[in-house]
Amino acid sequence: MRVLVTGGAGFIGSHLAGRLLQDGHEVRILDNFSTGRRSNLRSLADEVEIVEGDIQSAERAYAAVRGCEVVFHQAALPSVPRSIQDPLTSNASNVTGLLNVMLAARDAGVRRVMYASSSSVYGANPALPKSEDMTPMPISPYAVGKLAGEGYCRAFGEVYGLQTVAIRYFNVFGPRQDPRSQYAAVIPNFITALLRGEQPTIYGDGEQSRDFTYVENVVEGNVLAMDAPDVAGKVYNVACGERVTLNELFAELRDLLGGEDPPIYAAARPGDVRHSLADVSAARRDLGYEPGVLLREGLSRTIEHLREELAARAGLEHA
């Protein structure tokens, strides 16, 4: 079938596009390449159809959705800190952009939309593990936008009959995650610093915990949700169901990479939740989901990729 991956040049979207191609689907990508990278599509470029444009343009959204049976909505302006600095731009991409895609999907007769939500919607709710029936308490503009997207998914199912599945991602990491951005996620940030012999920075005391999830697991959750019966209008956690503190993560990476220097500790950042741990029992039950790649294996794969990327960049600089 023909499927659309919005944000398909991004970290998660490009992995998802590759998996869908492997499964025999015709893949179209909509991306404005603001945070997505053309290099992420290098191995796919001859096999995917690329529509360059922004989801904030209704015209581009309609053009991209036309003729597709399923939409995987991965496009977003990521990062909690970025949303705190510029909530209007975050909202425009993550809420208005989503609404454009949903309207286009409704009008094009799309069968199902998979929406990339976030564990950040749980926010200040202290209960662990995080289950889908908990009351969301978002504490950042990014999290508010993701929760608004879930509300739109629910509403479009109720009033227009559009099938949607919202998937709450928990701290996704893996190859192609950009370590150079000022908003870089913690794992590529730590790995890149250690590969360069530098001390990574931990914001806060390092005892905050996360359910780090290798990108292949998130891709699997999306693919399963595409055809699972009786899941329309529902929300699912996709993660590993294991909690690791940032101090433990640093120790694990130092064990894999070597080195003796401690991290640098800085003031905690506003908008960051203290603890995160997913209950994935609903995804297991309804989607048949199992996390196939656990933390240490995922870290090893990510280290290998970033080592190769840094070596290639150094080669270009000295050419």
Side-chain angles (χ1 to χ4, degrees), residues 3-8 10 12-13 16 30-32 53-66 68-80 82-83 86-123 125 130 132-170 218 221-222 225-226 228 230-238 282-283 286-287:
V3 301
L4 172 67
V5 181
T6 68
I12 298 173
L16 178 56
L30 172 63
D31 207 296
N32 67 356
D54 198 305
I55 56 172
Q56 293 180 58
S57 162
E59 182 272 329
R60 299 311 284 161
Y62 272 79
V65 168
R66 192 174 298 118
C68 293
E69 182 177 333
V70 167
V71 173
F72 295 89
H73 183 61
Q74 306 297 307
L77 195 62
S79 168
V80 166
R82 190 201 310 258
S83 76
D86 187 1
L88 276 173
T89 301
S90 179
N91 187 82
S93 179
N94 298 348
V95 181
T96 303
L98 163 75
L99 184 53
N100 280 334
V101 172
M102 296 290 285
L103 287 167
R106 178 200 67 181
D107 293 348
V110 165
R111 174 173 63 84
R112 184 173 289 182
V113 175
M114 265 58 61
Y115 167 61
S117 188
S118 167
S119 61
S120 64
V121 303
Y122 293 112
N125 193 320
K130 309 296 186 185
E132 295 88 346
D133 58 358
M134 287 172 53
T135 301
M137 299 175 66
I139 58 173
S140 70
Y142 174 79
V144 170
K146 285 297 182 182
L147 186 60
E150 290 186 9
Y152 271 120
C153 286
R154 192 176 308 109
F156 269 61
E158 288 290 333
V159 299
Y160 303 124
L162 177 63
Q163 292 186 27
T164 63
V165 182
I167 302 175
R168 290 175 178 167
Y169 299 168
F170 282 69
V218 166
N222 274 275
M226 175 171 58
D230 304 319
V231 298
K234 295 183 180 178
V235 176
Y236 293 98
N237 294 333
V238 168
D286 296 351
L287 306 179

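- Residue G149 comes nearest to Y115 through the heavy atom pair CA-OH, 3.4 Å, listed as atom of the first residue, atom of the second, then distance.
- Distance check, rounded to the nearest 0.5 Å: OG of S120 to CG of L147 gives 9.0 Å.
- Across all non-hydrogen atoms, the minimal contact from A228 to D286 is CB-O, 4.0 Å.
- Separation of atoms OG1 (T89) and CZ (R82) is listed at 9.5 Å; rounding is to 0.5 Å.
- Atoms CG and CD1, on L287 and I167 in that order, are 7.0 Å from each other to the nearest 0.5 Å.
- Within the 3.5 Å criterion, the main-chain N or O of M137 finds no donor-acceptor partner in the side chain of N125.
- No option in K130, K146, E150 other than E150 meets the side chain to side chain contact (heavy atoms under 4.5 Å, CB included) test with R168.
- Ring geometry, Y122 versus F170: the interplanar angle falls from 30° to 60°, so the pair is classed tilted.
- A side-chain donor from one of Y62 and D107 sits under 3.5 Å from a side-chain acceptor of the other.
- Formation of a donor-acceptor pair under 3.5 Å by the S83 side chain with backbone atoms of Y142 is found in this model.
- The backbone N or O of L77 sits less than 3.5 Å from a side-chain atom of N94, completing a donor-acceptor pair.
- Counting heavy-atom neighbours within 6.0 Å of F156 CZ, excluding the residue itself, gives a total above 12.
- Taken from CG in L162 to CZ in R112, the straight-line distance is 10.0 Å, to the nearest 0.5 Å.
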**Report entry** Check against side-chain contact (heavy atoms from CB on, under 4.5 Å), V95 and L99
**Finding:** CA-CA 6 Å; V95 181; L99 184 53; 5.9 Å; no

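- Scanning both residues, L30 and A61, for their nearest heavy atoms gives CD2-CA, 4.3 Å.
- Residues V231 and A225 approach most closely at CG2-O, 4.3 Å, considering heavy atoms.
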Requested in this report: Show your reasoning for whether salt bridge (charged side-chain N to carboxylate O under 4.0 Å, His left out) applies to K234 and E132.
Outcome: CA-CA 9 Å; K234 295 183 180 178; E132 295 88 346; over 6 Å; no

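- By the 4.5 Å heavy-atom criterion applied to side chains, I55 and H73 are counted as neighbours.
- Closest heavy-atom contact between T164 and M102: CG2-CE, 3.7 Å.
- Rounding to the nearest 0.5 Å places CD of E59 at 11.5 Å from CG of D54.
- The line from OH of Y169 to OG of S117 is 9.5 Å long, rounded to the nearest 0.5 Å.
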Requested in this report: Just do the side-chain contact (heavy atoms from CB on, under 4.5 Å) check on L98 and N100 with the steps written out, would you?
Outcome: CA-CA 5 Å; L98 163 75; N100 280 334; over 6 Å; no

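- The heavy-atom pair separating Q74 from A116 by the smallest distance is OE1-CB, 3.7 Å.
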